[in-house]
Structure formats: structure tokens, C-alpha cells
Amino acid sequence: MRLAILGGGGFRVPLVYRALLADRAEGRVTEVVLHDVDAARVGAIARVLAEQAAGVPAAPAVRVATDLDDALRGADFVFSAIRVGGLEGRAADERVALAEGVLGQETVGAGGIAYGLRTVPVAVDIARRVARLAPDAWVINFTNPAGLVAEAMSRHIGDRVIGICDSPVGLGRRVAGLLGAEPGRARLDYVGLNHLGWLRGLHVDGEDLLPRLLADRDLLEAFEEGKLFGADWLQSLGAIPNEYLHYYYFNREAVGAYRAAEQTRGAFLRDQQARFYEEMRNPEAGAFKTWDATRAEREATYMAHSREAAGAGERAPEDMESGGYERVALALMRAISRDEHATLILNVRNRGTLPELDADAVIEVPCLVDASGPHPTAVSPLPGHATGLVCAVKAVEREVLAAAESGSRATAVKAFALHPLVDSVSVARRLMDGYAGAHPGLAYLT
């Protein structure tokens with residue numbers, strides 16, 4: 001079975017390969033094709049993968065493809081993990097937004113819109129190529145904003161594109177651990193959009209254990225989301241929000257922390273990864289050791305600005321363990337290719353799961369997965385406050401898709417202006433001007 005990884009020079013690719021090395025079952029991936037627009041980056045990651053494979057019997061073969069069509073042709077699965085504009089683009093997204101006093105995080109608010117406007121045209125081109133060159137392939141999208149990009153691609157390849165994210169998985173694992181439950185046996189009642197969802201129940205053997213957590217302040221304050229949001233707010237909500245909702249519920253504090261920091265998250269990662277790829281130019285450097293040390297630093301500083309704003313302190317060691325999105329991806333491939341039924345939280349088309357949204361809207365929800373793909377499961381109705389936020393953000397995503405399709409700058413401004421975290425049409429216009437000046441890739445908007 002062949003897996004093509006687009007964005008094959010990306011820093012997290014070795015996590016995927018490590019999961020593949022651990023998969024010894026029949027029908028596993030036997031060939032990985034890496035494609036990237038940056039030859040030096042993909043060469044560095046290929047070195048890391050070679051060291052990972054050393055001594056592993058029947059490790060999946062790795063091939064670098066410089067041509068996108070070559071990478072796609074014959075693929076059974078395609079991982080889309082591209083970053084249009086690179087980490088310099090992410091840093092610019094943050095910088096332009098913060099200059100206007102609004103959030104520039106890569107998936108939330110103005111930064112997410114700018115990233116989406118750059119990425120959607122490229123993702124659509126990939127989807128069209130997949131439809132032509134590998135019509136039976138399944139596309140697993142890691143590219144942020146994951147839900148928005150998956151919806152853009154779904155308009156061309158339907159349900160054969162599936163978006164994944166490790167945030168809901170990590171949240172469920174942490175809550176189950178607090179309650180003494182085995183994560184694999186817990187059924188999560190979780191729903192929303194990518195980076196905009198709520199855990200409303202955790203069921204084990206027919207019993208919902210979440211009310212026990214919500215009633216215990218000490219337990220609530222003992223894990224990452226409890227420290228981030230505070231016990232009082234979680235008890236008021238009656239649910240555990242995805243960590244990215246901190247940007248909505250504590251927006252002023254988050255923006256203040258970003259503005260006060262010496263570096264934004266994007267600038268930190270840009271500089272950190274530049275050092276890694278520069279070190280990898282040395283043929284004597286230990287590729288995997290260098291990569292793993294960089295990865296550990298990256299995980300330790302995840303959402304550092306939000307934790308600082310909340311006074312949450314350092315990340316707990318258990319929250320820095322790997323096994324997030326790469327395990328979700330492997331479980332998804334197993335379920336489809338081997339008909340090994342699994343329940344996974346995925347970004348898929350709504351199909352009536354949330355009556356407030358149309359059938360084609362991509363949402364993040366638990367799905368039963370089998371050989372025919374993912375099937376959204378029934379979830380509890382969203383409370384009014386969550387419904388309003390989901391509908392507002394989905395409306396913004398639709399404006400981004402409309403702008404990318406039409407090339408309309410006015411529609412792009414509308415997307416900025418309608419976002420709950422952008423407080424003025426005048427600010428939206430200045431954001432569009434700032435991003436157009438920072439990103440040549442937005443020249444298509446006129």
C-alpha cells in the first residue's frame with residue numbers, strides 16, 4: 001500500500017513514519033512517497049526517516065518525488081500536510097494582526113483567515129489532481145485550518161477527504177486519565193468545528209463520567225484545560241472546551257500575552273526549525289537525535305502564550321507525549337483499508353449531524369469508520385452559546401471559500417469583518433491591506 005505525503009519536508013513527518021514502523025499487520029503501508037517544494041527540507045526529513053528505519057525489518061520504503069503528479073499517481077492514501085508561505089508566512093499572519101490589536105493565531109481569527117486564503121487555492125488544485133490521477137485514494141488532511149481546507153477539497157473529491165486533528169484526542173485522553181478510565185474504552189460526546197469544539201460527555205460502560213469531573217474543583221484544576229480555563233468557567237459551561245477556545249473566551253488576555261511576548265509562536269517555530277534544517281546540512285549530524293531534541297522543545301512550548309495569560313504554568317510531562325494525530329491517521333487508514341471498525345473524532349461533512357448547518361458543512365465529530373469511510377455519529381444538541389459561535393465561524397469559513405473561488409477582495413474583507421474576534425469593518429479592511437502586502441500569494445484577490 002502506498003502513502004503519499006504532501007509537505008513531506010514538514011517537521012512532524014517522522015511522527016507519522018514512526019507510527020508506520022510500529023504497524024506490523026498485513027495490508028500495511030509498504031511505500032512512502034515524500035513530496036515537497038523545498039528540496040533541502042525534504043532531504044533532511046528523508047535522512048531522519050532513514051535513521052528511524054535502521055534495523056527495522058521490512059520498514060516502509062521511502063522515496064522522494066519532486067513532481068506532484070508523480071507523487072499522487074498510484075497512491076492509496078494521500079496525507080496533505082502543506083504549509084503555503086512557510087513559517088515565515090505564519091509569522092507575518094501574527095504580526096499583521098497584532099499590529100491591529102487582534103489575534104493572529106494560525107487557525108483562529110484574522111491569522112486563520114489569511115492562512116486559509118493562501119491555502120485554499122493550492123488545496124483545491126491538489127484535490128483536482130487527486131480526482132484525476134488517484135480517484136480511489138483517500139485524502140487525509142492535516143493542513144490548517146483543517147476543517148476549512150477539508151471542506152474546500154470535499155467540493156472536488158467528496159467524502160474521500162477527511163480532516164484530522166489531535167486536539168480532541170488529547171482532550172479525551174486527559175479527561176479519561178483524570179477519571180481513572182481507559183481512553184480506548186471511553187466514548188466521547190464531542191462536537192463542533194476544527195479548533196472550536198466542546199466535550200459534553202465521556203461514557204464508559206453506559207455511564208457518563210464527565211459530571212463527576214465537573215463537580216470536583218481539585219480534579220478540574222489538575223489538568224491542562226482546567227488550568228487554562230479555570231474551574232469556575234468550566235462548571236458554568238457544563239462542558240470542557242477545546243483548548244483553542246481560550247482565544248475566544250479570554251481573547252483580551254491572549255492578545256495581550258502575544259503582544260507582550262518577545263516572539264510570537266510562528267516566529268519562534270520559524271527560527272527553531274531554521275536552526276534544525278541548517279544543522280541538517282551537516283552530513284555528520286545525527287539526523288534523528290537532532291530532530292527529536294527539536295521536537296521536545298516544540299512540544300514543551302505549545303500554546304505557551306495562552307498558558308502564560310491563564311497562569312497555567314509549564315506543560316505536564318504526560319501532555320507532551322506523542323501519539324496524537326499520527327495515531328489517529330494510522331487508525332483511520334487501518335479502518336478503511338482493513339475494514340477494522342474504529343470510532344474516531346474527524347473533520348467530515350455534516351450530513352444532518354448538526355441541524356443548524358447544511359449537509360456539506362465540514363464539522364468535527366466522532367465517526368464510525370469502516371471500509372466505506374467515516375460515518376458521523378449522533379451527538380447531543382449544542383447549547384445556544386455554542387450554536388451561535390459555530391454558526392458564526394462557519395459563515396466566515398464560507399466567505400473565505402467564496403473569496404478563494406471568485407478572487408474577490410471584497411469578499412475576503414467580508415470574511416475578516418464577520419469573524420467574532422475582529423471588532424470593526426475598518427480593521428478588516430486594514431487587515432486585508434496588510435496581508436496583501438505581506439503575502440504575494442494573495443495577489444489573486446482583486
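The figures that follow rest on heavy atoms only: side chains count, while hydrogens, waters and symmetry mates do not.
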Interatomic spacing from [atom1] in [X] to [atom2] in [Y] - rounded to 0.5 Å:
X    : Y    : atom1 : atom2 : answer
E106 : T264 : CD    : OG1   : 11.0 Å
N347 : S154 : CG    : OG    : 11.0 Å
E364 : L196 : CD    : CG    : 9.5 Å
L401 : E151 : CG    : CD    : 5.5 Å
D358 : R351 : CG    : CZ    : 13.5 Å
L214 : R200 : CG    : CZ    : 12.5 Å

Pairs where residues 120-131 contributes a residue and the test salt bridge (Lys or Arg N to Asp or Glu O under 4.0 Å) is met, not counting sequence neighbours
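Of all non-adjacent pairs touching residues 120-131, those that pass salt bridge (Lys or Arg N to Asp or Glu O under 4.0 Å) are D69-R129, D125-R129.
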Under 30°, 30 to 60°, or over 60°: which ring-plane class applies to F250 and H246, parallel, tilted or perpendicular?
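Aromatic pair F250/H246 classed parallel.
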Can you name the nearest heavy-atom pair linking [X] to [Y], along with the distance?
X    : Y    : result
A285 : T290 : CB-OG1, 4.5 Å
A222 : L178 : CB-CD2, 4.3 Å
V390 : L357 : CG1-CD1, 3.9 Å
A44  : M280 : O-CE, 3.6 Å
R24  : A58  : NH2-CB, 4.1 Å
F11  : I45  : CA-CD1, 4.4 Å

Mind checking whether [X] and [Y] have side chains closer than 4.5 Å, heavy atoms only?
X    : Y    : answer
R2   : V29  : no
E326 : L330 : no
Q105 : Y258 : yes
F77  : I336 : yes
L103 : V108 : yes
V33  : L3   : no

Would you call [X] and [Y] a salt bridge, taking side-chain N to carboxylate O under 4.0 Å as the test?
X    : Y    : result
E356 : K394 : no
R174 : E225 : yes
D166 : R327 : no
D205 : R187 : no
E279 : K289 : no
D70  : R63  : yes
D136 : R160 : no
R275 : E278 : no
R270 : E94  : no

Run the numbers on H375 and D370 for side chain to side chain donor-acceptor pair (under 3.5 Å), then give the verdict.
CA-CA 8 Å; H375 311 278; D370 56 24; 3.1 Å; yes
Would you say the side-chain atoms of Q272 and T294 include a donor-acceptor pair closer than 3.5 Å?
no
Do Y277 and D38 have side-chain atoms, one donor and one acceptor, less than 3.5 Å apart?
no
D232: what forms a salt bridge (Lys or Arg N to Asp or Glu O under 4.0 Å) with it, not counting sequence neighbours?
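Scan of D232 (salt bridge (Lys or Arg N to Asp or Glu O under 4.0 Å), adjacent residues dropped) gives R217.
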Taking distance alone, no hydrogens or angles, what donor-acceptor pairs closer than 3.5 Å link side-chain atoms of residues 111-118 to residues at least two apart or in another chain?
| residue | atom | partner | partner atom | Å |
| --- | --- | --- | --- | --- |
| R118 | NE | V84 | O | 3.2 |
| R118 | NH1 | D93 | OD1 | 2.9 |
| R118 | NH1 | D93 | OD2 | 3.1 |
| R118 | NH1 | H439 | NE2 | 3.1 |
| R118 | NH2 | V84 | O | 3.4 |
| R118 | NH2 | D93 | OD2 | 3.1 |

Evaluation steps, side chain to side chain donor-acceptor pair (under 3.5 Å), between S380 and D189
CA-CA 7 Å; S380 304; D189 183 354; 2.6 Å; yes
Set out, in order, the CA-CA distance, both residues' side-chain angles and the distance that settles salt bridge (Lys or Arg N to Asp or Glu O under 4.0 Å) for D360 and R155, then state yes or no.
CA-CA 9 Å; D360 292 332; R155 295 182 175 185; over 6 Å; no
Would you please test N194 and Y244 for side chain to side chain donor-acceptor pair (under 3.5 Å) and show each step?
CA-CA 9 Å; N194 179 237; Y244 283 81; over 6 Å; no
Residue pair R212, E207: steps toward the salt bridge (Lys or Arg N to Asp or Glu O under 4.0 Å) verdict:
CA-CA 11 Å; R212 175 153 59 89; E207 179 186 1; 5.6 Å; no
Verify the ring-centre separation between W233 and Y249: is it less than 6.0 angstrom?
yes
Establish, for the pair R12 and Y325, whether the NZ or CZ atom is under 6.0 angstrom from the six-membered ring centre and no further than 45 degrees off its axis.
yes
